[in-house]
There are 2 protein chains.
Amino acid sequence: MKLNRKLHIPLYIQLKDQILVNIKSDDYIIGDMIQSEQELMKTFQVGRATVREAINELVKEGFLEKQQGRGTFIKRKETSLGFEPLLSLSYSLKMRGWEHKNQVIIRKQIENTVAETLIKAPKIFYFERNRTIDGHPLGFEKFYFQPDFEMLVSEYNLENSIGKLILEILKLPIERLIQEVIIVKANEQEANLLKLNVGDDLMFMKRWLYVKGFEGAYQYYEFKVPVGVSAFPADLL
Amino acid sequence: MKLNRKLHIPLYIQLKDQILVNIKSDDYIIGDMIQSEQELMKTFQVGRATVREAINELVKEGFLEKQQGRGTFIKRKETSLGFEPLLSLSYSLKMRGWEHKNQVIIRKQIENTVAETLIKAPKIFYFERNRTIDGHPLGFEKFYFQPDFEMLVSEYNLENSIGKLILEILKLPIERLIQEVIIVKANEQEANLLKLNVGDDLMFMKRWLYVKGFEGAYQYYEFKVPVGVSAFPADLL
DNA sequence: TAGTGGTCTAGACCACGGC
DNA sequence: CCGTGGTCTAGACCACTAC
């Protein structure tokens, strides 16, 4: 297989398109390993930098996933515009190249006494998470779910992306999503948790998720994050 | 200036952090050009691949912007979590490495007869845009603004990012944002515009933006996009 | 024309994962 | 141990921008 060096299209773009054709063919399924960098170099008669450039583009676009010491794997065959950017902060952060951690601090069934959830069930599955980047507090979240959700996720680590869980693993059929963001002032507890001063601005996000087959909301979500929080505090550099 | 080669921290990460320190110092302001790749190679005694890796990371994270033939420029000194991912589809698409175009098809003042806008003004500034990726229809948008907005943006090309305009250029003080997404079926007109079949699923997003000093909404926004629209249609490959 | 970033090669050694 | 991707070098030529 050869690429056209007379074209003024960069080799790594041509190679990227070739790889894309391959991974979209029926011969491959999601999770399959693609050719190694060495093999691609031989197959297409190009240098390693070219191969890596092509692969990195496809990783950035979500088609491939690299694992050091193992190989490069097909992550998805079609990239679609969906709920990901709306539902997953992890997704948005990852897109910016930021790694972060979520720590679950509370997890339990509670009585449904929180009217704002709009969930129609006597009991609710509830958990709270702290989010950090490089150990610095980013914000904290409260999740309220239909009680059946606890069963669905019994084997899932709730410190991972909940957006990914809902969209990619459970593939819940979302019918409706409502999101509200307002600016509020930090109270004492919030100021402590997020290492701010009382009265500092917080972005307060509320989200209601409606899933097919459920009356009322399926999930209610709250997230508070300082406005303009720096992901790379000067003292880390 | 030298980097520590005994550390097990990659050189390009060390270099990236060094550049970041420089960017954030008071000697530089946003828009300034940083050292060229050649200069960085000399200054830090590293190869070009290392320099480019470091710079690419910072571009991905939004700190720098490269311009072929000119240089590399400071885009921002602090990266913050804000409304960008919520307000700007362009932003999300760019983060995925996708380039796209917005075409304004209607632009005019209209009577405020659309109750859903929640804008309190007798007249409204209105425009519609078609969004495409590689010439393929992605979705279309309707914008309703407080009439004063038309004056503010008289010199701005409305085919560029409206989210960027609101957040970075006008710096409108957002107080509240409400967003609703539902799944609807495409009607005939929508099917034609988006090259779909009547009855296909559409994501229908509505957004209300409240800005300090304005009673009622400042902006109302509608966006319809096919669910699972492929950004890289097979026939392009 | 000079200087910038964009692309590309051929090579090297390292770190990680699985056998 | 071997094969994978991760990092890095020293060079080359091209494409674009500004003067």
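If you're wondering where the values come from, they're calculated on a predicted model, not measured in any experiment. In what follows, chains are A, B, ... by sequence order, proteins preceding strands, each numbered from 1.
Atom C1' of nucleotide C:dC16 and atom CZ of A:Phe73 are separated by 13 Å, given to the nearest angstrom. Regarding B:Leu58, its CG atom lies at a distance of 16 Å from the C1' atom of C:dG5, rounded to whole Å.
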Pairs under 3.5 Å (N/O, protein and nucleotides 1-3 of chain C):
residue: C:dG3; atom: N2; partner: B:Gly69; partner atom: O; Å: 3.0

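Residues from residues 46-55 of chain B lying near DNA chain C, meaning a heavy-atom separation below 4.0 Å, are B:Arg48, B:Arg52 in numerical order.
Between A:Leu165 and A:Val153, the shortest heavy-atom distance links the atoms CD2-CG1, 3.3 Å. Between B:Tyr28 and B:Asp32, the shortest heavy-atom distance links the atoms CA-OD2, 3.5 Å.
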Next item on the list: Before giving the answer on side-chain contact (heavy atoms from CB on, under 4.5 Å), spell out for B:Phe63 and B:Lys75 the whole-Å C-alpha distance, their side-chain angles and the decisive distance to 0.1 Å.
Entry: CA-CA 5 Å; B:Phe63 287 99; B:Lys75 196 174 164 194; over 6 Å; no
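Partners of B:Glu128 by side chain to side chain donor-acceptor pair (under 3.5 Å), not counting sequence neighbours, listed by chain and number: B:Tyr126. Listed by chain and number, the residues in a side chain to side chain contact (heavy atoms under 4.5 Å, CB included) with A:Arg70 are A:Gln67, A:Phe73 (sequence neighbours excluded).
Taking the side chain as every heavy atom from C-beta outward, A:Leu172 and A:Tyr218 approach each other to under 4.5 Å. When side chains are defined from C-beta on, B:Phe44 counts as touching B:Val46, because their heavy atoms get closer than 4.5 Å. By the 4.5 Å heavy-atom criterion applied to side chains, B:Gln219 and B:Ile166 are counted as neighbours. In this structure, B:Ile19 and B:Leu40 have side chains that are in contact, with non-hydrogen atoms separated by less than 4.5 Å.
Between A:Phe127 and A:Phe125, the ring-plane angle classifies as tilted under the 30° and 60° cut-offs.
A salt bridge is absent between A:Arg129 and A:Glu159: the closest approach of a Lys/Arg side-chain nitrogen to an acidic carboxylate oxygen does not fall below 4.0 angstrom.
For the helix from C:dT1-D:dA18 to C:dG18-D:dC1, the terminal axes (five pairs an end, C1' atoms, rotation from four pairs onto the next four) enclose an angle of 20°, given to 10 degrees.
Along DNA chain D, read 5' to 3', the first and last nucleotides having any atom under 4.0 Å from a heavy atom of chain A are D:dG3 to D:dT7.
No donor-acceptor pair closer than 3.5 Å links the side chain of A:Glu57 to the backbone N or O of A:Ala54.
If you check every strand for non-hydrogen atoms under 4.0 Å, A:Gln67 touches sugar and phosphate atoms only.
Checking A:Gln14 against A:Tyr12 by side-chain atom types alone, no donor-acceptor pair falls below 3.5 Å.
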